[in-house]
Amino acid sequence: MNRSIIKELLKSNEFDTTVLVKGWVRTKRGNNNVAFVAVNDGSTIHNIQVVIDVPSFDPELLRKITTGASVGVQGKLMESKGQGQTVEIIAEKVELYGEADPEVYPLQKKGHSFEFLREIAHLRVRTNTFGAVYRIRHAMAFAIHKYFNDLGFYYVHTPIITASDAEGAGEMFRVSTLDPENLPLTEDKKVDYSKDFFGKATNLTVSGQLEGELAALALGGIYTFGPTFRAENSNTPRHLAEFWMIEPEMAFYDITDNMNLAEDFLKYLINYALDNCADDLAFLNSMVDKELLERLKFVVNNSFIRMSYEGAIDILKSSGQKFEFPVSWGLDLQAEHERYLVEKHFKCPVILTDYPREIKAFYMKQNEDNKTVRAMDVLFPRIGEIIGGSQREEDYDKLLNRIREMGMPEKEMDWYLDTRRFGTVVHSGFGLGFERLLLFVTGMANIRDVIPFPRTPRNAEF
Ligand code: ATP
Ligand code: MN
């Protein structure tokens with residue numbers, strides 16, 4: 001007989017039919033006559049209740065049906081008389097696949113702290129909270145592809161191993177097959193990377209943007225969605241050393257088009273979660289963050305505030321607030337400033353534009369004032385920066401000048417400069433940190449809890 005998926009059974013009203021479910025025991029309670037076993041198969045946050053007539057089953061088998069054990073249950077689907085569920089299964093056959101010795105299985109009924117669960121990340125997906133987070137993570141990944149596919153954008157695979165540090169977005173992880181105990185040296189005692197696997201120094205990518213631009217200037221609208229790596233020693237609840245980033249890049253989009261896309265995209269994703277992950281969100285709203293649903297609905301129903309960096313600096317300066325990093329024009333806004341603007345001042349998502357060029361990347365479109373660039377950061381409550389983007393400098397001479405000013409290796413940038421040499425057009429793009437989005441959508445507080453196996457400084461377990 002075929003196994004039924006619990007999510008479907010819970011919606012079924014085909015009572016008195018025989019069904020088979022397979023899953024993991026969440027709880028068992030009862031007495032010498034009847035046992036109630038809650039079984040979960042991962043298809044939904046909800047368990048199905050299995051009712052067992054104790055005297056008709058082997059006591060040895062029932063003893064081993066404990067939290068975490070894997071079972072197959074065949075029985076009649078019935079309308080439930082108990083509270084809290086609509087259907088239940090009256091067990092006829094129970095098969096035990098794998099025991100989970102209660103003496104050692106770490107996930108017993110009691111609630112565990114997220115810190116503890118991080119130490120057993122190989123098992124934490126079996127908890128309600130992490131089951132919900134994994135399912136929402138999947139739904140958001142799917143929605144991202146759907147959104148761009150429906151818009152006619154192409155998914156482009158940019159390299160993970162790169163030889164360019166052009167982006168300058170962060171410290172990089174070196175990729176090398178050289179023997180660290182016995183490094184080949186050049187005459188002036190530097191490491192001789194010409195002997196390395198690729199014949200030069202290579203790293204894990206910090207962003208797919210530069211290659212994404214190449215594709216956008218032929219395909220029109222593209223996006224990347226892949227892992228990115230930053231070897232920054234930032235121990236915050238919002239930074240990972242390995243995270244996933246979505247980077248759309250669009251020909252013929254200026255900064256306003258770019259902002260419109262970013263706002264529409266974020267609202268689409270949040271709406272998608274509200275429509276398709278309602279059970280998981282309801283669970284997280286009641287167990288993790290009581291304001292979650294309210295916050296999600298607020299964001300989809302309100303226009304984001306748009307203002308210049310300069311305007312934001314003025315607000316911060318006159319706020320009377322004591323910040324750890326003092327505010328003045330030229331400051332790279334810290335999470336404390338971003339969150340003040342969003343949470344205290346506007347109480348709404350904010351898109352800031354026209355940042356000082358000194359604190360932004362070389363490729364951003366230079367404004368006429370010679371001071372600022374057409375950058376945009378989207379700032380969200382609880383998160384701070386969720387998106388960073390810009391209109392790109394499409395003028396060959398201006399871009400080359402900036403590369404020289406910043407002392408970048410001009411020769412190695414040839415391939416990038418070619419886009420401006422041949423058929424250049426106005427274009428724009430942005431990067432959305434997938435895990436920052438998930439922090440917002442799930443209400444989880446720590447970025448380590450929205451990726452299955454987090455990589456952070458001094459931690460690469462599992
Ligand atoms: P921050 O200032 O928060 O460190 P950033 O300015 O370095 O971020 P960008 O280079 O603009 O970030 O990257 C684009 C997006 O990628 C960010 O808006 C954010 O959502 C996400 N992101 C950046 N760094 C990380 C990280 N270490 N872990 C998780 N997400 C990140
Ligand atoms: Mn940024």
Side-chain angles (χ1 to χ4, degrees), residues 137 140 144 158 162 165-173 204-210 212-213 223-249 258-259 261-263 265-266 269 304 309 312 325 331-339 341-342 349-353 355-364 373-392 428-442 444-460:
R137 192 177 163 107
M140 289 294 89
I144 286 161
T158 50
T162 71
D165 181 18
E167 159 77 359
E171 295 297 309
M172 305 183 95
F173 289 101
L204 293 177
T205 185
V206 292
S207 160
Q209 180 200 316
L210 301 189
E213 283 185 57
Y223 68 104
T224 71
F225 184 3
T228 42
F229 306 86
R230 301 205 180 164
E232 297 156 296
N233 195 10
S234 8
N235 274 294
T236 81
R238 292 179 318 280
H239 287 90
L240 291 164
E242 175 181 301
F243 64 101
W244 288 67
M245 186 146 64
I246 302 100
E247 296 183 278
E249 191 70 36
N258 203 22
M259 286 192 275
L261 182 74
E263 181 167 347
F265 179 45
L266 287 168
L269 295 177
F304 298 0
Y309 167 90
F325 291 85
L331 167 81
D332 196 359
L333 297 183
Q334 304 294 314
E336 54 171 342
H337 309 117
E338 298 173 342
R339 294 184 62 175
L341 290 168
V342 173
V350 177
I351 310 183
L352 293 186
T353 53
Y355 282 73
R357 64 178 202 162
E358 268 63 41
I359 57 171
K360 289 291 181 186
F362 75 97
Y363 49 72
M364 294 190 181
V373 288
R374 238 163 269 181
M376 58 165 223
D377 278 7
V378 181
L379 314 180
F380 255 38
R382 290 180 76 251
I383 312 291
E385 180 186 331
I386 193 165
I387 279 180
S390 68
Q391 185 174 329
R392 319 304 189 192
S428 300
F430 61 80
L432 167 66
F434 189 44
E435 286 77 18
R436 299 243 177 124
L437 170 77
L438 289 171
L439 277 178
F440 187 74
V441 172
T442 61
M444 299 295 282
N446 194 310
I447 200 162
R448 293 165 181 77
D449 297 334
V450 295
I451 187 165
F453 302 103
R455 268 77 181 100
T456 50
R458 312 208 58 77
N459 168 49

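No experiment lies behind these values; they were computed from the predicted model shown. All ligand and atom numbering here is 1-based and tracks the order in the structure. No hydrogens, no waters, no symmetry mates; every other heavy atom, side chains included, goes into these values.
Under the side chain to side chain contact (heavy atoms under 4.5 Å, CB included) rule, Leu266 has a single partner from Val441, Ile386, Leu261, which is Ile386.
For ligand 1, one of its N or O atoms has an N or O atom of Gly433 under 3.5 Å away. Inclusion of Leu432 in the set of residues having an N or O under 3.5 Å from an N or O of ligand 1 is not warranted. Below 3.5 Å of separation, one finds no N or O of Met245 facing any N or O of ligand 1.
Side-chain contact between Val206 and Met172 is present, with heavy atoms from C-beta onward closer than 4.5 Å. Side-chain atoms of Phe265 and Ile246, non-hydrogen and from C-beta on, do get closer than 4.5 Å to each other. Contact annotation: the side chain of Tyr355 approaches that of Asp377 to within less than 4.5 Å [non-hydrogen atoms, C-beta and beyond].
Every atom of ligand 1 with a heavy atom of Arg230 under 4.0 Å away is listed here by number and element: 5 (P), 7 (O), 9 (P), 10 (O), 12 (O), 13 (O), 23 (C), 24 (N). Interface of Ile387 with ligand 1, defined as ligand atoms under 4.0 Å from a residue heavy atom, comprises 18 (O). Contact atoms of ligand 1 toward Ile447: 29 (C) (distance under 4.0 Å to a heavy atom of the residue). When each atom of ligand 1 is checked for a heavy atom of Ile386 under 4.0 Å away, the hits are 18 (O), 19 (C), 20 (O). Contact atoms of ligand 1 toward Arg238: 28 (N), 29 (C) (distance under 4.0 Å to a heavy atom of the residue).
For His239, heavy-atom contacts with ligand 1 shorter than 4.0 Å involve the backbone as well as the side chain. Within the 4.0 Å heavy-atom criterion, neither part of Val206 lies near ligand 1.
For Leu240 against Pro454, the heavy-atom pair with the smallest separation is CD2-CB, 3.9 Å.
Taken from CD in Glu171 to CZ in Arg230, the straight-line distance is 11.0 Å, to the nearest 0.5 Å.
Checking Tyr363 against Gln209 by side-chain atom types alone, a donor-acceptor pair falls below 3.5 Å.
Under a 4.0 Å heavy-atom criterion, Glu247 is not in contact with ligand 1.
Every residue meeting the salt bridge (charged side-chain N to carboxylate O under 4.0 Å, His left out) condition with Arg137, not counting sequence neighbours, appears here in chain and number order: Glu435.
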